[in-house]
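Report on the following structure.
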There are 2 protein chains.
Amino acid sequence: MIATPLQTPASASVSEEVYRAIRGAILDLTLEPGSTISENALARELGASRTPVREAIQRLERDRLLFVFPQRGTVVAPLDLDEFRSAYFVRSSLECAAAAEAARLAGPADVARLRQHVDAHTAALAVADESTFFALNDAFHLEIMTIAGVPSVWSVVQNAKVHLDRVRIAHLTRASTYPLAPIVEEHRQLVAAIAAGTPDEAAAVMHAHIAKVLHRVDLLRDLRPELFEMPRELTAQIRTISGPAAAGRRLHSNDKSQ
Amino acid sequence: MIATPLQTPASASVSEEVYRAIRGAILDLTLEPGSTISENALARELGASRTPVREAIQRLERDRLLFVFPQRGTVVAPLDLDEFRSAYFVRSSLECAAAAEAARLAGPADVARLRQHVDAHTAALAVADESTFFALNDAFHLEIMTIAGVPSVWSVVQNAKVHLDRVRIAHLTRASTYPLAPIVEEHRQLVAAIAAGTPDEAAAVMHAHIAKVLHRVDLLRDLRPELFEMPRELTAQIRTISGPAAAGRRLHSNDKSQ
DNA sequence: CCACGCATACTTGTATGCAAGAACACAAAT
DNA sequence: ATTTGTGTTCTTGCATACAAGTATGCGTGG
């Protein structure tokens, strides 16, 4: 059961709201990796019709958060090592290049704005909850992209970042708390490198900053290997020709009780 | 008028076919930047219903090839310098990083496969038309991504590359022919750098290889500045409150003759 | 006990109807 | 001549009905 029947605040469009709802449910494991969902069931739950639900599902499929098997079903994408590595590659490459470019282009006003971000982040360290903290984190990284002159690249980074966040969040709910202070400290070093106008240094700091997620995927794989497994029914994407091989289990979760 | 009523060969789904048809029409300027399109008109032309047309339009909007203004209309995205620069940034960063990584990881079998690509490309130089030549070009770049261990990153590059291709194709149809031989030669140098196992050299060669598009956008901007202009009717995305400022011109192309 | 056939209840893909809003055309008033 | 109101027709967003395909459950026959 996903959260609420669409009472989310800034109502842009039903489709957008449904997208955010499902995406959030996937990220916080309300919808577990490998579980099956259905357009009709989601439409009932969210109080919308199939059309906007379907549009959201197609967006999420392009985000690689869902797999749609026509006439068979739709499953939440299991965590995947290759996907994680690709996402890391994209984020690392783009953000390091942006940090270097920002170090080349940044003027005094830009550096001042970066420092404001760091100050706000430091203040949030004490009082804010995690979600707002990470929102500030995203804002800081976006600011660097903006200084580099390519703000719209941030959306590409975000699309990749989801797959890193999935691992981080899943690991977070099971393991210890997340150390937030080092993040702000690394941001401070990043600003220093950008202010100094040293592109290589900025890229190196950014690389170290981002690389800290890398070990989490291995830890999570040990903690909860089932999050990485595709349900056996859908593993055979190439249908065996009436072969009785994949008999036994059922696809539908049979949740009529909803 | 877009090409044919959906007779394209490998019929995956209506939605997919419509997507490819519109995308192709945008790329080859059958649909000119800034022109308005409509779900109903496209559905009639392509012999489909609105649903798959709508799905295709939404994909193309996420590709930034269309702008959808609810209740007002949908326009083909004009060429845009910022979009071009962002796309170049994404492609350059990812492909240079991939080339460097490929230089680190490539084994003899990988190098052999790369050489096969170059040989096939050389052969195509004499006989093949441009579209198959560029298909081989894409295959080569994908192979590098594969060797780097992140094949799925290629889809990200492709999404950005569209905006570079738009400029190249638009410039191609108006200006002289495209010199193809240097491309293959640069690929050869790239393979040499990867075979030598020198990441920095591979990245440098890749950078020079990709950077050749950069000057085209300026040339095209001089040749056909109208391709870069958003129709004035939709420039005001924030509606002036019943202000008669934007009066005069009309939005709808009024092509009832179709 | 096992294999096969069939009915049934699901799935997603597609078509279509309706609603809300925006822009144009035109007539009327100032 | 300019403005203003109004109706028509366009636009996209959403809801819903239908079509095609798939997996399950059960009965039947072996």
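Lettering follows sequence order; numbering is per chain, from 1. Remember, predicted model here, so these are calculated numbers, not experimental data.
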Going by heavy atoms in the side chains, are A:Val76 and A:Leu66 under 4.5 Å from each other?
yes
B:Phe67 side chain near B:Pro78 side chain, heavy-atom distance below 4.5 Å:
yes
Between [Y] and [X], is there a salt bridge with N-O shorter than 4.0 Å?
| X | Y | answer |
| --- | --- | --- |
| B:Glu83 | B:Arg166 | no |
| A:Arg91 | A:Asp165 | no |
| B:Lys161 | B:Asp138 | yes |
| B:Asp218 | B:Arg221 | no |
| B:Glu55 | B:Arg59 | no |

Round to the nearest Å and state the distance from [X] atom [atom1] to [N] atom [atom2].
| X | N | atom1 | atom2 | answer |
| --- | --- | --- | --- | --- |
| A:Glu61 | C:dT11 | CD | C1' | 14 Å |
| B:Leu66 | D:dT12 | CG | P | 10 Å |
| B:Phe69 | C:dA20 | CZ | C1' | 19 Å |
| A:Gln71 | C:dA9 | CD | C1' | 15 Å |
| A:Ile57 | C:dG13 | CD1 | C1' | 13 Å |
| B:Arg59 | C:dG13 | CZ | P | 12 Å |
| A:Asn40 | D:dC18 | CG | C1' | 13 Å |
| B:Glu17 | C:dG13 | CD | P | 15 Å |

B:Ile37 vs A:Pro70, nearer the 5' end of DNA chain D by closest nucleotide
B:Ile37
Does C:dC10 have OP1 or OP2 sitting under 4.0 Å from an N or O in the side chain of A:Ser38?
no
Below 4.0 angstrom from OP1 or OP2 of D:dT12, is there any side-chain N or O of B:Arg72?
no
Between the protein and nucleotides 14-16 of chain C, which nitrogen or oxygen pairs are less than 3.5 angstrom apart?
residue: C:dT14; atom: OP1; partner: B:Val14; partner atom: N; Å: 2.7
residue: C:dA15; atom: OP2; partner: B:Ser49; partner atom: N; Å: 3.0
residue: C:dA15; atom: OP2; partner: B:Ser49; partner atom: OG; Å: 2.7
residue: C:dA15; atom: O5'; partner: B:Ser49; partner atom: OG; Å: 3.3
residue: C:dA15; atom: N7; partner: B:Thr51; partner atom: OG1; Å: 2.6
residue: C:dT16; atom: O4; partner: B:Thr51; partner atom: OG1; Å: 3.4

Above 12 or not: heavy atoms from other molecules or residues under 6.0 Å from CZ of A:Arg216?
yes
Please name the pair of heavy atoms, one in B:Phe84 and one in B:Leu164, separated by the smallest distance, quoted to 0.1 Å.
CE1-CD2, 3.6 Å
Note down the inter-axis angle between the two ends of the helix from C:dC1-D:dG30 to C:dT30-D:dA1, five pairs each, to the nearest 10°.
10°
